[in-house]
Amino acid sequence: MKYGILIVSHVPEIAAGVPRLIQQVAKDVAITSAGGTDENEIGTSLEKIQQAVEQNAGSEILAFYDLGSARMNLEMAAELATKKLRIYDVALIEGAYVAASLLQAQVGLPAIEKQLAPLKIKNQE
Amino acid sequence: MKYGILIVSHVPEIAAGVPRLIQQVAKDVAITSAGGTDENEIGTSLEKIQQAVEQNAGSEILAFYDLGSARMNLEMAAELATKKLRIYDVALIEGAYVAASLLQAQVGLPAIEKQLAPLKIKNQE
Amino acid sequence: MKLTLEKYLSWINEFSQKVIDKKDYLSDLDSKIGDGDHGNNLARGVTAVQQMLTAKQPQDLTAALKLTAMALISKVGGAAGPLYGTAFLEMAKTSSQTTELAELLTAATAGLQKRGQAKAGDKTMVDVWLPVTAALKNADLTSTVIEKAVASTKPLVAKRGRASYLGERSIGHLDPGAVSSGYLFEALLVAEDEK
Amino acid sequence: MKLTLEKYLSWINEFSQKVIDKKDYLSDLDSKIGDGDHGNNLARGVTAVQQMLTAKQPQDLTAALKLTAMALISKVGGAAGPLYGTAFLEMAKTSSQTTELAELLTAATAGLQKRGQAKAGDKTMVDVWLPVTAALKNADLTSTVIEKAVASTKPLVAKRGRASYLGERSIGHLDPGAVSSGYLFEALLVAEDEK
Ligand SMILES: Nc1ncnc2c1ncn2[C@@H]1O[C@H](COP(=O)(O)OP(=O)(O)O)[C@@H](O)[C@H]1O
Ligand SMILES: Nc1ncnc2c1ncn2[C@@H]1O[C@H](COP(=O)(O)OP(=O)(O)O)[C@@H](O)[C@H]1O
Ligand SMILES: [Mg+2]
Ligand SMILES: [Mg+2]
Ligand SMILES: [Mg+2]
Ligand SMILES: [Mg+2]
């Protein structure tokens with residue numbers, strides 16, 4: 001499978017819940033997630049993110065996150081990973097939902113990114 | 001307390017996780033949530049929403065949801081409730097985070113709504 | 001045509017049976033352009049309707065419509081819950097003024113559109129409720145009208161509900177809510193024939 | 001000024017001690033305009049740094065800087081983790097070419113800005129790293145320079161990090177990352193004095 005989806009949240013419950021929501025509309029899409037710190041406190045863990053990248057069956061990863069510090073850890077993971085990571089500054093749940101349903105419908109990446117564009121609400125300069 | 005925050009998601013885990021994320025930056029804000037169907041399947045439950053409205057210490061509720069059918073149940077809850085519900089068509093996690101942190105900082109509703117406006121990504125005609 | 005309690009009960013029973021029979025088909029349709037639960041959702045809903053009607057034995061049409069609405073609203077769990085629920089609730093409200101079916105359905109369809117904000121052509125159940133209501137007003141509701149309305153959703157691009165996220169990819173699939181609404185109105189024709 | 005392994009170790013030890021002493025204060029600052037964990041995050045980080053340095057006994061500056069970076073990156077859990085981590089990682093990389101402190105900090109600050117996209121005046125730790133680096137280049141880093149830089153964050157509107165959600169309401173509060181960065185550079189002055 002080419003593309004997989006990665007969810008990174010500060011909260012373990014959100015990281016568990018979003019895949020449940022989107023897997024329902026994307027049965028065949030690889031979805032993994034990382035949530036919370038190593039102690040499952042609120043925060044993010046580079047190690048958990050790296051594991052979620054490795055465990056993802058996709059060879060290229062579309063990554064979605066909640067808050068800015070998750071993005072920074074995602075970037076570090078991207079720099080250390082052998083797989084390509086694409087980080088989207090879109091609404092976490094809604095963006096991941098769109099990406100998952102379009103991947104399931106075998107829509108190509110350019111069309112997916114076009115549909116994600118209006119959901120960009122983060123990291124604006 | 002005047003305003004409370006209500007999170008409605010199709011997934012119980014998301015409904016548990018978002019309050020964890022936002023309560024951390026809004027210690028004094030009333031936050032309740034409803035997630036999943038009565039059987040904790042993916043979906044929403046009017047009854048759970050009504051309970052979350054009642055249990056919320058706020059006398060006026062700022063409500064955030066994930067997908068459109070949650071909005072419809074929220075509207076039904078709004079029609080049946082004695083409290084005023086304001087439903088925001090914004091990114092769930094990011095919108096609730098903004099509202100919670102601003103309520104905690106005792107920002108007034110007009111300023112909060114102004115800051116929510118760019119996060120509106122749902123229900124566009 | 002006037003709706004009576006008796007006629008209503010055979011209508012809703014007929015519909016319930018059909019939904020339960022077609023549960024898997026409806027969910028399959030929904031899995032193409034949604035989350036694959038429409039049949040399960042509605043089956044859970046109509047089962048609750050049956051239980052409510054049996055338990056409460058409503059003595060008039062308004063009460064029966066209201067019980068139906070409540071059961072659907074509280075048990076369906078998906079978009080179909082507030083949508084069908086609102087439709088039946090509006091019929092219940094209107095039935096205290098008139099029992100003319102065309103009027104009941106006019107109110108129901110208006111409620112449906114208020115709840116879901118869908119217009120004609122958005123590829124939703126509204127695309128069945130609107131033409132059926134129009135046909136009833138002219139007293140010429142037939143299976144053909146219903147079938148045509150249901151089939152009309154196939155080439156459309158979804159603008160509302162989960163299918164709308166698929167954009168163009170929703171083309172070529174029947175809308176599950178339109179199909180279940182088709183069953184509702186076919187059931188009405190069957191109930192009418194029984195009279 | 002050239003950084004040696006010995007000097008670096010007393011610098012980082014001094015900083016670690018300070019962070020642990022001021023843990024609650026840093027978290028209190030963060031609870032005003034963030035999520036109230038900056039002190040706990042950093043304390044967890046520097047504790048891991050101490051453990052790593054003790055366990056691995058690095059034999060050169062580059063290795064020591066790299067271990068510091070790794071410990072911070074993996075243990076902090078908040079924005080400060082990738083930010084401080086990247087800063088020390090850039091110092092580690094640069095230290096194989098030069099041990100001139102001004103050069104190391106130039107690389108560190110550039111890394112920090114790349115990681116967090118913050119500019120001067122955005123009310124972040126960058127508002128301390130930039131003037132401190134500039135002062136080091138002119139060989140006139142003093143406590144006054146550091147204090148002024150930290151204090152400069154108070155009247156600013158946050159543009160990056162969690163505090164940015166508060167907009168105008170972030171005015172009047174010190175940035176916690178700026179304060180902890182102030183400790184880092186005060187610790188440097190102490191380590192220098194020890195020479
Ligand atoms: N906004 C809307 N307006 C009208 N009908 C809608 C709307 N959203 C969804 N629907 C209808 O609901 C059907 C899906 O119902 P269901 O599967 O029970 O809900 P969900 O999408 O929540 O799983 C769709 O096929 C469509 O006919
Ligand atoms: N994008 C950024 N660029 C530079 N510094 C930042 C950025 N985001 C946050 N910071 C710094 O990090 C500090 C907060 O660190 P910490 O509390 O550990 O992280 P978190 O906000 O994830 O809880 C802020 O006070 C600020 O100095
Ligand atoms: Mg469905
Ligand atoms: Mg559903
Ligand atoms: Mg913090
Ligand atoms: Mg934090």
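Here is how names work: the chains are called A, B, and so on, in the same order as the sequence lines, proteins then strands, and each is numbered from 1.
- Of the options C:Leu3, C:Leu105, C:Leu61, a side chain to side chain contact (heavy atoms under 4.5 Å, CB included) to C:Met91 is made by C:Leu105 and by none of the others.
- We find that A:Glu60 and A:Lys83 are not joined by a salt bridge, their nearest charged nitrogen and carboxylate oxygen being 4.0 Å or further apart.
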Scan chain A against chain C and return every donor-acceptor pair whose distance is under 3.5 Å.
residue: A:Tyr97; atom: OH; partner: C:Arg162; partner atom: NH1; Å: 2.9
residue: A:Ala105; atom: O; partner: C:Arg169; partner atom: NH1; Å: 3.0
residue: A:Gln115; atom: NE2; partner: C:Tyr165; partner atom: O; Å: 2.5

Taking distance alone, no hydrogens or angles, what donor-acceptor pairs closer than 3.5 Å link side-chain atoms of residues 2-12 of chain A to residues at least two apart or in another chain?
residue: A:Ser9; atom: OG; partner: A:Val11; partner atom: N; Å: 3.0
residue: A:Ser9; atom: OG; partner: A:Asp66; partner atom: OD2; Å: 2.8
residue: A:His10; atom: ND1; partner: A:Asp66; partner atom: OD1; Å: 3.0
residue: A:His10; atom: NE2; partner: A:Ser69; partner atom: OG; Å: 2.8

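- Using modelled atom types, one side-chain atom of A:Lys48 and one backbone atom of A:Thr37 make a donor-acceptor pair closer than 3.5 Å.
- Heavy-atom minimum distance, C:Ala87 versus C:Leu112: CB-CD1, 4.1 Å.
- Between the side chains of A:Tyr65 and A:Asp89, a donor-acceptor pair is found at a separation under 3.5 Å.
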